[in-house]
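Inspection log for the structure reproduced underneath, given as structure tokens.
Predicted model only: the values in this text are computed from it and were never measured. Naming: A, B, ... by sequence-line order, numbering from 1 per chain.
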Amino acid sequence: MTNGIQAPRGTKDLFGPEFDRFEALERLASGVARTWGYAGIRTPVFEDTGLFVRSIGEATDIVEKEMFTVPPREDKGDDKSYTLRPENTAGVVRAYLEHNLHKTQGLARFFYIGPQFRRERPQAGRLRQFHQMGAEVLGLLREAKGDQPAAPYTAYADVILMAAEILSRAGLKGLKLRYNSVGCAKPGCRDGYREKLKAALSAGKEKLCGDCQRRIDRNVFRVLDCKKPNCREVSAAVLANVPQEFCAECRAQMDFVSPTVKELLPAGVEAAHDQFLVRGLDYYTGTVFEFTAEGLGSQDAVGGGGSYDGLIEEMGGPKLGATGFALGLERVLMSQEAAKAASPEAPAAGALVYVAAAVDSPEPYKLAVRLRQAGIRTDFDLSAPARGVGNHLKRASKLGARLAVIVGEDELKAGEATVKDMAGGEQRRIKAADALAEVKKTLG
RNA sequence: GUGGAUGUAGCUCAGCUUGGUUAGAGCGUCUGACUGUGGAUCAGAAGGUCGCCGGUUCGAAUCCGGUCAUCCACCCCA
């Protein structure tokens, strides 16, 4: 067909077996998100242009040259400029604030699935309308306030592990997780490192490509991301001499996330700290990450994300942290097909188990992740390091949990866990190692 | 696009007619009673630019003007 109308450049029609695979992946992703205790959200496909400029950043490639923008219609007295969303985090944060969720639930966990739009030159794995599945944890208290303690770093690991779970269940081969810290906006953190990088890279400026020479002033970190061999050589030398230097909190975040994620990642997913990893959006702080897989050509990232502890405040909200990820569904499908993987079954939405951390330790969280990885819908409180048992049971009952698995100081010392039936109230102590089997048996 | 109504705490609303101490209630949230056991009850706490801008006034949530937003009906439409 050469003379008629065709789908716009960079878009595609989805039908037949492709539609079925797409739908199966959507079901898998939302099924996993639900077993991890995340609730769904759909935000508008377009938003005020300013929302993206403010969140993603004025000097980013996305905002500078890749947005589909509908200009204002001044003749109709309309001075609003709208833009098709290039990503979904800004919309979710906007909705979180607009509906005052920081006041009604404190910590919110959402997942979304939907089309995103970027006006780039299409290539394998890069469309102008593409689809993402993502998840966000919003409302992490960064420092203690009154009788509320600061949130632990669990949430930052949680989103990585959930993304890994989806990709792994999707049957992708050669899954690799790379992570890094990009520092935060606190004085002396990212700023200090940025200046040192700038100075060091400027010294070897002539060897860098034209783009990178410009990036030194505009956005130094993107130099580390350049794929050109000369630039890589220069940045490798620079990184060897200018070690990353971030604030205590950013380091602590990484010190928790790194071992926790490595221990709990699904089998077959490799993980490595990669100081070259940066992100193309300005709102990221602290730990960032990216997943790559086989079968994708030059665009080999299937998903990525990280924390964005400054964005909620930047958008006019309170000082609360957040973290999240997004997966490119078309890329996941490409990789899935290359791996000749069959469309996997989504985990069934069974009864809810609540894991109660009554002691400040990573062990209860690890237990929760293992239950989820076994397909059991499990809720875990990411907002506090530990709570009293009564407080936890109140939450469990409000969430409608069928079972509560309590790990407190006694249990931790003994290597045990208490499994309690929320309806009848009966409970028993078991070996922590038997918890999964016990929960499975009880749920039938 | 036309007409009507409404903006007060996270939610539902009272207060406005007749301007006057520190703007209230119920629900929700958090904390405690109950230092490791939930749903009930009781007590306490947090939470507000009274949509925004201007005017009148000694004084405005309250009166006046403008503006923005939302809702309803009509028109049109998937």
(request) Choose from B:rG38, B:rG10, B:rU31 the nucleotide whose nearest atom is closest to any side-chain atom of A:R387. (result)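 Looking only at heavy atoms from C-beta outward on A:R387, the closest nucleotide is B:rU31.
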(message) By nearest atom, which of the nucleotides B:rU37, B:rG10, B:rG36 is closest to the A:L393 side chain?
(response) B:rU37
(message) What contact category does A:I406 fall into here, base, sugar-phosphate, or nothing, at under 4.0 angstrom with non-hydrogen atoms?
(response) base
(message) For a quick check of understanding: with a heavy-atom distance under 4.0 Å over all strands, which category does A:K420 fall into, base, sugar-phosphate or nothing?
(response)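 Since a base atom lies under 4.0 Å of A:K420, the category is base.
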(message) Applying side chain to side chain contact (heavy atoms under 4.5 Å, CB included) to A:L399 and A:Y354, what does each step give before you reach the verdict?
(response) CA-CA 9 Å; A:L399 289 164; A:Y354 181 95; 3.8 Å; yes
(request) Identify, between A:K398 and A:V389, the residue whose nearest nucleotide on RNA chain B lies closer to the 5' end. (result)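 Here A:K398 is the residue nearer the 5' end.
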(message) For a quick test of reading the model, state the closest non-hydrogen atom pair linking A:I376 to A:K440 and the distance between them.
(response)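 Shortest heavy-atom separation between A:I376 and A:K440 comes out as CD1-CG, 4.0 Å.
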(message) Should the side chain of A:Q427 and the base of B:rG36 be counted as holding a donor-acceptor pair, with the cut-off at 3.5 Å?
(response) no
(request) Confirm from the modelled atom types if A:K394 and B:rU37 form a donor-acceptor pair under 3.5 Å, side chain to base only. (result) no
(message) Under 3.5 Å for both donor-acceptor distances, Watson-Crick or wobble: does B:rC63 have a partner, and if so which one?
(response) B:rG55
(message) Taking pairing as Watson-Crick or G-U wobble with both contacts under 3.5 Å, can you name the mate of B:rU2, or confirm there isn't one?
(response)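 In the structure as shown, B:rU2 has B:rA73 as its Watson-Crick or wobble partner.
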(request) Check the distance between B:rA9's P and A:K103's NZ and give it to me in whole angstrom. (result)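 It is 9 Å, rounded to the nearest whole Å.
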(message) Counting only side-chain nitrogens and oxygens, does A:N391 get under 4.0 Å of the OP1 or OP2 atom of B:rU31?
(response)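 So the side-chain polar atoms of A:N391 do come within 4.0 Å of the phosphate oxygens OP1 or OP2 of B:rU31, strictly under.
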(request) State whether a side-chain donor-acceptor pair under 3.5 Å links A:Y112 with A:T43. (result) no
(request) Examine A:R251 relative to A:F246 and say whether NZ or CZ is less than 6.0 Å from the centre of the six-membered ring and inside a 45° cone about the ring axis. (result)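 No cation-pi geometry.
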